[in-house]
Amino acid sequence: MAEQNKIVWVAGPCSAETEEQLLCCAEHLKGKVQFFRAGLWKPRTLPSSFAGLGKDALPWLLKVREKYAQKIGTEVANEEQMNICLDAKLDFLWLGARTTTNPILVQQLADCLQTYKSTHKAERLPIIFIKNPIAPDLNLWIGAIRRFQTVCQEVIAVHRGFKTSDLQFGDYRYAPVWSLPIELKRNLPEITLLHDPSHTAGRADLVQQLSEQAMLLDFDGLMVEVHPHPVEALSDAAQQLDFDGFDLMFNSIRKPEKRNADIELLQLRKQIDEADDELWNAVLKRQQLSCLIGEYKKKHNLPVLQTDRYNELIGRRLEWGRRNGLSEKTIMQIVEALHTASVEQQLVR
Ligand code: PEP
Ligand code: MN
């Protein structure tokens with residue numbers, strides 16, 4: 001699916017609202033994107049929010065395919081919705097973040113697809129997109145993907161950010177936690193991986209920067225919400241791009257070039273390997289000292305965790321970070337990792 005240097009584009013409104021809205025959006029996106037998205041059933045946190053028009057809006061989506069020869073798709077969250085979409089032969093379906101969170105539901109949906117495949121002797125099934133679960137749990141995401149990979153030809157992963165206790169994800173609605181999609185790629189190297197900057201950002205003005213970061217991280221494509229008049233959108237109004245915003249991004253985003261490392265890069269890597277050797281030797285020395293301290297604490301019946309001492313380490317290192325231009329986030333991640341390794345070693349008495 002993912003070709004070198006070619007970006008996979010999925011775009012369209014968060015929800016299908018009117019026939020005119022869908023057709024005008026599809027007219028704008030034709031020839032640019034490979035997949036046209038529009039939500040029919042919207043899983044909303046509050047029951048008072050707009051929950052989509054359901055199958056009443058399906059004929060408009062089908063009209064998009066008929067008129068623009070565009071691949072069309074929507075989100076499904078239960079068997080009834082999936083069967084409606086399978087009967088309508090939609091080209092792709094996605095499981096939303098709230099659905100991927102529930103393995104029983106995911107299995108039911110995979111079984112539903114399997115049943116459809118056998119009873120209809122279907123040769124071509126829709127492509128299934130699996131969004132990451134709301135919580136940063138890699139195995140839930142991989143599990144959902146695997147459940148579908150056993151049934152259908154093509155499964156695509158979509159990273160849309162996570163709800164975390166990490167207060168340091170700035171202005172984004174959800175934390176990108178890039179380490180998770182990176183790990184997903186290590187576990188499933190063949191998977192096509194898209195980034196959904198709209199749901200991660202929650203704000204239209206942050207969509208472009210996330211998309212650029214995703215390209216630098218070797219994602220295969222983007223799933224973006226686009227609406228003819230975002231301010232009037234019935235769901236996710238703040239994050240949908242208008243047509244000009246989409247074009248601006250579409251015309252500027254590129255995948256970085258892939259080529260073998262040249263001499264300059266190889267030399268820099270050699271230096272970083274040497275710096276790592278020093279660093280790991282220092283980590284080893286730290287662990288050995290921490291072990292001696294652990295023995296001392298045991299002998300004198302002292303607690304392993306000493307919060308005052310930990311606060312002192314954090315404070316000193318944050319101050320050092322400020323002077324040397326290292327961000328508070330980076331310092332905290334490293335101090336926490338080192339301290340946890342030390343505490344866990346001392347707990348084994
Ligand atoms: C959506 O794509 O409109 C959607 C609801 O996505 P998510 O499941 O990522 O919130
Ligand atoms: Mn949305």
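Start at 1 and go down the list; that is how both ligands and their atoms are numbered. Please read all numbers here as calculations on a predicted model, not as lab measurements.
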Check ion pair [X]-[Y] (N to O, under 4.0 angstrom):
X      : Y      : result
Glu75  : Arg37  : no
Lys255 : Asp218 : yes
Glu295 : Lys298 : no
Arg173 : Asp236 : yes
Arg186 : Glu183 : yes
Glu319 : Arg322 : yes

Shortest non-hydrogen contact from Leu125 to Val151? CD1-O, 3.8 Å
Can you tell if the side chain of Gln81 reaches within under 4.5 Å of the side chain of Leu40, non-hydrogen atoms only? no
Run through ligand 1 for me and note each protein residue having a heavy atom under 4.0 Å from it, chain first, then residue number. Cys14, Arg37, Lys42, Glu75, Trp94, Gly96, Ala97, Arg98, Lys131, Arg160, His199, Glu225
Report, as a single number, the protein N, O or S atoms less than 2.8 Å from the Mn ion (ligand 2). 4
Strictly by modelled atom types, are Gln208 and Glu212 linked by a side-chain donor-acceptor pair under 3.5 Å? yes
